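Written below as structure tokens is the structure these notes are about.
Small disclaimer: the values here were computed from a predicted structure and weren't measured. Every chain is numbered from 1, with letters handed out A, B, ... down the list of sequences. Because only heavy atoms are used, hydrogens play no part in the values below, and waters and symmetry mates are left out as well, while side chains stay in.
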There are 2 protein chains.
Amino acid sequence: MAAEQRTPPRGSGRGQRVTIADIARRAGVTSAAVSLAVNGRPGVSDATRERILEIARELRWEPSPAARALAGAPVLTVGMVLARPAEILGAEAFFGAFVAGLQEVLSREDYSLQMKIVETPEAEIETFRRWFSQRRVDGVVVVDLRLDDARIPALEELGLPALVVGGPGHHGSLPSVYVDDAHATRLLVDHLAELGHTRIARVAGDDVFLHTHQRDRTFAARCEELGLECLNQPAGFGASGAEVATAELLSREEPPSALLFDSDEMALAGCHVLEQAGLAVPADVAVASYEDSPLARGHRPPITAIGRSATEYGRVAADRLLEVIAARRERRETGGAGEPETRALIPELIVRGSTAPQLDGATGPSEEGPERPATRSSRTA
Amino acid sequence: MAAEQRTPPRGSGRGQRVTIADIARRAGVTSAAVSLAVNGRPGVSDATRERILEIARELRWEPSPAARALAGAPVLTVGMVLARPAEILGAEAFFGAFVAGLQEVLSREDYSLQMKIVETPEAEIETFRRWFSQRRVDGVVVVDLRLDDARIPALEELGLPALVVGGPGHHGSLPSVYVDDAHATRLLVDHLAELGHTRIARVAGDDVFLHTHQRDRTFAARCEELGLECLNQPAGFGASGAEVATAELLSREEPPSALLFDSDEMALAGCHVLEQAGLAVPADVAVASYEDSPLARGHRPPITAIGRSATEYGRVAADRLLEVIAARRERRETGGAGEPETRALIPELIVRGSTAPQLDGATGPSEEGPERPATRSSRTA
DNA sequence: ACCTGTGGCTAAAGCGCTATAGTAACTCGT
DNA sequence: ACGAGTTACTATAGCGCTTTAGCCACAGGT
């Protein structure tokens with residue numbers, strides 16, 4: 001019983017931390033054996049391992065992340081940095097939902113998400129650099145992909161595991177997930193064409209982003225394939241840009257009969273302009289959005305949109321990133337290179353009142369409750 | 001030059017990490033001296049300190065958070081756990097904006113935010129416990145305050161610095177920030193009363209939350225003071241609850257002429273019910289919300305709401321929490337107790353079309369762009 | 001001259017864990 | 001019966017930092 005003299009503290013929260021040394025003492029082995037046991041590594045007999053695990057459980061031992069990190073183990077954290085004004089998280093529904101999806105799977109895997117908001121893309125790279133050199137994260141997710149994004153080569157050089165959100169195509173050696181914007185564009189254009197629209201305009205978002213370009217291109221291409229007249233109207237950022245662009249489009253000699261907006265926020269802004277101009281949606285002008293959200297659902301008429309389920313998007317991104325991190329760790333042991341894999345989410349079209357066939361438009365025929373989307377919104381390919 | 005043989009690697013990212021030992025060697029002192037110098041502690045002369053800092057800068061040294069944490073220094077991370085479905089982050093605009101505010105000041109102070117989504121309040125406490133025993137966070141922010149919230153005593157027992165978001169009143173020994181819901185209620189009720197409404201109903205949110213109770217009480221009290229008839233209609237959670245509750249209110253013999261909703265999401269749901277019932281807002285029924293958001297601004301008519309600026313709320317919360325953490329560290333050195341301080345945000349009323357005096361209601365008279373609130377929305381008291 | 005400070009630093013002991021070299025005991029094959 | 005090969009551990013050296021005790025030189029007071 002003399003060995004019990006220094007029994008580790010239990011129960012009440014304030015006690016000393018219990019360490020592997022405590023477990024080792026109780027189990028009559030060294031801390032090294034405990035480490036092997038709790039990490040599922042070979043080197044201890046099954047019997048001993050079981051005994052050690054039992055004691056660990058009993059003592060309510062929790063590994064110290066700091067100690068692990070210091071000794072070279074993964075830190076169970078992934079990072080994401082946003083080079084945008086903080087408000088974006090609240091203003092653009094996409095981000096909140098995306099982060100929710102990330103959190104969901106990360107939490108489940110005992111990972112945590114570290115976020116940082118910075119001013120410029122350069123600061124973003126600097127943050128990656130610091131996170132890496134401080135070993136603060138095991139990997140990062142890269143959002144708001146730009147053309148010739150400087151972050152890609154920077155991350156490759158650092159050798160920090162990263163998952164690119166956006167596409168399509170390969171980003172250097174980095175794996176990615178993306179929503180197939182070409183497909184989304186076709187869905188939208190085809191839908192409007194079927195309704196009989198022949199002059200379709202697109203109010204495009206900020207063209208520093210890669211997905212904007214992708215949409216630009218496929219929009220023009222699809223319109224041409226279908227023999228439609230297409231107008232691509234760059235609108236810069238946010239609601240005010242969309243208002244100006246919409247007004248601009250309406251002032252044309254032959255204004256379009258259908259408007260395609262790059263985001264829900266922009267679509268609403270556009271609707272307000274239409275309203276003020278005395279034009280009814282969808283009777284006079286049809287409206288559709290690349291981005292679904294409660295905003296789009298809640299508007300009257302509810303807005304036809306691409307349901308890419310930002311939450312699902314976040315989940316998939318997190319899944320992929322964890323795979324990449326795991327693979328990296330494997331690889332360090334084996335040595336294979338591994339191809340950067342790209343995974344696409346297939347967008348679906350959710351038809352709502354804003355593109356209803358010409359009825360009356362007051363409350364569209366495909367009216368629905370704000371919580372129930374018309375179709376499953378996305379799926380992994 | 002022999003001493004230079006082991007010169008620390010610079011430039012290209014892949015090199016070995018530079019540690020205080022490297023700096024010490026270059027400066028001709030021990031690592032202890034470097035530690036003192038970089039942490040601004042007494043024990044080195046100003047000249048030496050300057051020299052050490054210079055070298056650190058030159059070598060681009062970054063402290064290792066893991067090593068620091070292991071040695072007992074703060075980990076520069078604060079935690080927040082949400083016992084809600086992940087979707088809430090996207091669905092309720094408040095959260096996105098609140099987190100944005102938190103991030104903003106935390107990032108600036110070089111802190112990071114760790115978030116976790118769990119199923120139950122018990123799991124939340126368990127998470128706090130683990131974060132504490134793993135020394136993963138320096139402090140936490142507690143949201144979604146409930147009646148007799150079990151997290152308060154749990155955190156007090158742990159001795160983990162915490163900041164409670166919600167109030168009013170003290171929560172054990174924990175400091176808090178809150179939005180003055182009593183004041184908000186008076187603003188709303190008074191506003192509706194001034195417009196001539198005498199039968200006001202409130203569609204109340206989930207009553208496990210403390211702020212719901214606070215609103216319940218002050219709503220009843222203020223109505224009585226003004227001699228108004230008040231109806232308090234509990235509606236449970238989210239949009240569907242609000243729909244049911246609104247329908248219920250409309251089916252009364254003498255339906256209310258003004259509706260007060262606990263959130264933007266609920267207000268919109270309520271508006272849809274009104275619309276379907278053929279009632280115009282604000283001509284037939286006035287609508288106001290306790291919660292502002294792009295949703296409320298984007299609706300037609302735009303909805304009168306309490307602007308508590310969730311982002312600002314987040315900023316204040318982060319500020320306070322950092323103060324608490326700093327104070328805690330001081331106190332460990334001195335020994336004072338320190339009063340739990342409470343800070344209130346004064347809400348302001350943003351009048352919009354949904355409570356316009358009886359004109360036509362199609363587009364309210366206090367119409368505004370979606371980005372420009374009518375008044376500054378909140379302020380620290 | 002002698003003790004007492006005191007500023008400025010060093011030496012060294014951790015923090016809790018992982019990783020690796022080493023060892024003791026226990027098979028085998030021949 | 002002997003070296004080789006396993007298996008199951010132990011001992012120990014870090015990881016990069018903080019912190020405390022201790023040391024030395026030099027200042028001042030008496």
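Nucleotide D:dA8 holds its P atom 8 Å from the CG atom of A:Asp46, rounded to whole Å. Separating the CZ atom of B:Arg25 from the P atom of D:dC17 is a distance of 12 Å, rounded to the nearest angstrom. Per the geometry, CZ belonging to A:Arg135 stands 12 Å off C1' belonging to D:dG16, to the nearest Å. Separating the CG atom of B:Leu36 from the C1' atom of D:dT18 is a distance of 9 Å, rounded to the nearest angstrom. One can place CD of A:Glu62 at 15 Å from C1' of C:dC17, the figure rounded to the nearest angstrom. Summarising the geometry, the separation between CG on A:Asn39 and P on C:dA19 is reported as 8 Å, rounded to the nearest angstrom. Taking atom CH2 on A:Trp61 and atom P on C:dG16, their separation rounds to 12 Å, with Å as the unit.
Between the side chains of A:Gln114 and A:Thr77, not a single donor N or O lies within less than 3.5 Å of an accepting N or O.
Note: A:Glu62 CD to B:Arg135 CZ = 15.0 Å, rounded to the nearest 0.5 Å.
The nucleotide whose nearest atom lies closest to any side-chain atom of B:Thr19 is, among C:dC17, D:dT19, D:dG16, D:dG16. Comparing C:dG16, D:dT19, D:dT10 by their closest approach to the side chain of A:Ala67 singles out C:dG16. Of the candidates D:dC9, C:dT18, C:dG14, the closest approach to any side-chain atom of B:Ala71 belongs to C:dG14. Considering only the side chain of B:Ser64, D:dG16 comes nearest among D:dT19, C:dC17, D:dG16. Listed nucleotides C:dG14, C:dT18, C:dA19 differ in distance to A:Ile20; the shortest reach to its side chain belongs to C:dT18. Distances were taken from every side-chain heavy atom of B:Leu70 (C-beta onward) to each of C:dC15, C:dT20, C:dG8; the shortest belongs to C:dC15. Closest to the side chain of B:Val44, out of C:dA12, C:dT18, C:dC9, is C:dC9.
A close approach under 4.0 Å does occur between a side-chain nitrogen or oxygen of B:Thr48 and OP1 or OP2 of C:dC9. OP1 or OP2 of C:dA19 lies within a sub-4.0 Å distance of a side-chain N or O belonging to A:Arg41. Checking the phosphate oxygens (OP1, OP2) of C:dG7, no side-chain nitrogen or oxygen of B:Ser45 falls inside 4.0 Å. An OP1 or OP2 oxygen of D:dT18 is reached within less than 4.0 angstrom by a side-chain nitrogen or oxygen of B:Arg68. An OP1 or OP2 oxygen of D:dT10 is reached within less than 4.0 angstrom by a side-chain nitrogen or oxygen of A:Thr30.
Taking the charged nitrogens against the carboxylate oxygens, B:Arg151 and B:Asp144 have no contact shorter than 4.0 Å, which rules out a salt bridge. A salt bridge between A:Arg26 and A:Glu58 is present, with a side-chain N of the basic residue lying under 4.0 Å from a carboxylate O of the acidic one. Salt bridge A:Arg51/A:Glu54: absent, no basic N to carboxylate O contact under 4.0 Å.
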Between A:Val38 and A:Trp61, does a side-chain contact (heavy atoms from CB on, under 4.5 Å) hold up when you go through it step by step?
CA-CA 10 Å; A:Val38 299; A:Trp61 171 78; 4.0 Å; yes

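At a threshold of 4.0 angstrom between heavy atoms, the contacts of B:Pro42 with the nucleic acid are absent. If you check every strand for non-hydrogen atoms under 4.0 Å, A:Gln134 touches nothing. Counting non-hydrogen atoms under 4.0 angstrom, A:Val34 reaches nothing in the nucleic acid.
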